[in-house]
A.B. asks: 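I'd like to ask you about the structure that follows.
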Amino acid sequence: MKKAIYPGSFDPVTLGHLDIIKRAATIFDELTVLVMDNSQKCKLFSADERVNMISGLLCDVSNVQVSSWAGLLVDYAKESGANIIVRGLRTTTDFEYELQMAHTNHLEYDPIETVFLTTALSYSYLSSSVVREFASYGGDISSFVPESIIPMIKERYKEIGLKDRKG
Ligand code: ADP
């Protein structure tokens with residue numbers, strides 16, 4: 001039984017993340033998309049909101065579940081019995097950080113293996129921070145995120161207050 005975890009901030013989830021999730025779901029028997037809730041950084045969406053947002057997009061994928069975790073990733077792996085971490089690789093910049101994390105997680109918990117999936121070429125430029133930047137000015141994010149979550153993102157920036165596009 002190959003049980004994998006795909007951890008990340010997903011703030012918000014992008015088409016790049018979804019591509020990785022759907023491809024990973026065909027490789028592993030069970031996949032948990034794990035919304036990490038331990039960052040110092042202030043998030044646009046709460047962990048529960050991010051979990052709901054992602055769950056709503058995956059109704060048709062039967063071997064994927066979505067959860068959140070506020071602790072160390074390896075502890076989630078130990079508790080859940082998962083021994084594979086899936087990460088997406090966009091650029092060489094991702095690689096340096098990812099390699100460091102993979103080695104550290106392996107040192108902390110020997111059975112854990114990190115598997116990297118290369119990003120779909122068309123999403124290799126895409127990150128949640130680019131989405132947030134565009135959305136904060138009321139920009140068009142329809143090529144970046146699934147259509148169904150656009151209203152939630154727009155609504156959040158309406159609450160926060162949109163930035164002025166002309167400065
Ligand atoms: P983190 O804060 O842990 O990097 P992210 O939500 O930014 O969380 O990313 C989660 C995972 O998804 C990481 O492995 C990251 O490299 C990958 N990822 C981010 N953006 C994309 C994308 N556009 N295409 C494919 N993978 C991506």
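For ligands, and for the atoms within them, numbers begin at 1 and follow the listed sequence.
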A.B. asks: Using a side-chain heavy atom cutoff under 4.5 Å and only I, L, V, M, F, W and Y, what cluster partners does M1 have?
C.D. replies: none
A.B. asks: Answer yes if I150 and M152 sit in the same cluster of Ile, Leu, Val, Met, Phe, Trp and Tyr residues linked by side chain heavy atoms under 4.5 Å apart, and no otherwise.
C.D. replies: yes
A.B. asks: Which atom pairs, one a donor and one an acceptor, fall under 3.5 Å between side chains of residues 23-36 and the rest of the protein, sequence neighbours left out?
C.D. replies:
| unit_1 | atom_1 | unit_2 | atom_2 | d |
| --- | --- | --- | --- | --- |
| R23 | NH1 | D19 | OD2 | 2.7 |
| R23 | NH1 | T118 | O | 3.0 |
| R23 | NH2 | T118 | O | 2.8 |
| T26 | OG1 | R23 | O | 2.7 |
| D29 | OD2 | K2 | N | 2.6 |
| T32 | OG1 | Q65 | NE2 | 3.2 |

A.B. asks: Between ligand 1 and the protein, give all atom pairs where both partners are nitrogen or oxygen and the distance is under 3.5 Å, as lines of names plus distance to 0.1 Å.
C.D. replies:
| unit_1 | atom_1 | unit_2 | atom_2 | d |
| --- | --- | --- | --- | --- |
| ligand 1 | 2 (O) | S9 | OG | 2.6 |
| ligand 1 | 3 (O) | R87 | NH1 | 3.2 |
| ligand 1 | 3 (O) | R87 | NH2 | 3.3 |
| ligand 1 | 4 (O) | R87 | NH2 | 3.4 |
| ligand 1 | 6 (O) | S9 | N | 3.2 |
| ligand 1 | 6 (O) | F10 | N | 2.9 |
| ligand 1 | 6 (O) | H17 | NE2 | 3.1 |
| ligand 1 | 8 (O) | S9 | N | 3.0 |
| ligand 1 | 9 (O) | H17 | NE2 | 3.4 |
| ligand 1 | 12 (O) | Y6 | OH | 2.6 |
| ligand 1 | 14 (O) | R87 | NE | 3.2 |
| ligand 1 | 14 (O) | G88 | N | 2.9 |
| ligand 1 | 14 (O) | G88 | O | 3.4 |
| ligand 1 | 16 (O) | G88 | O | 2.6 |
| ligand 1 | 20 (N) | R90 | NH1 | 3.2 |
| ligand 1 | 23 (N) | Y123 | O | 2.9 |
| ligand 1 | 23 (N) | L126 | O | 2.9 |

A.B. asks: List the residues meeting side chain to side chain contact (heavy atoms under 4.5 Å, CB included) with E155, not counting sequence neighbours, and say none if there are none.
C.D. replies: K158, E159
A.B. asks: Under 3.5 Å, is there a donor-acceptor pair between the side chain of T92 and the main chain of F95?
C.D. replies: no
A.B. asks: So do the side chains of R50 and D37 get within less than 4.5 Å of each other, counting heavy atoms only?
C.D. replies: yes
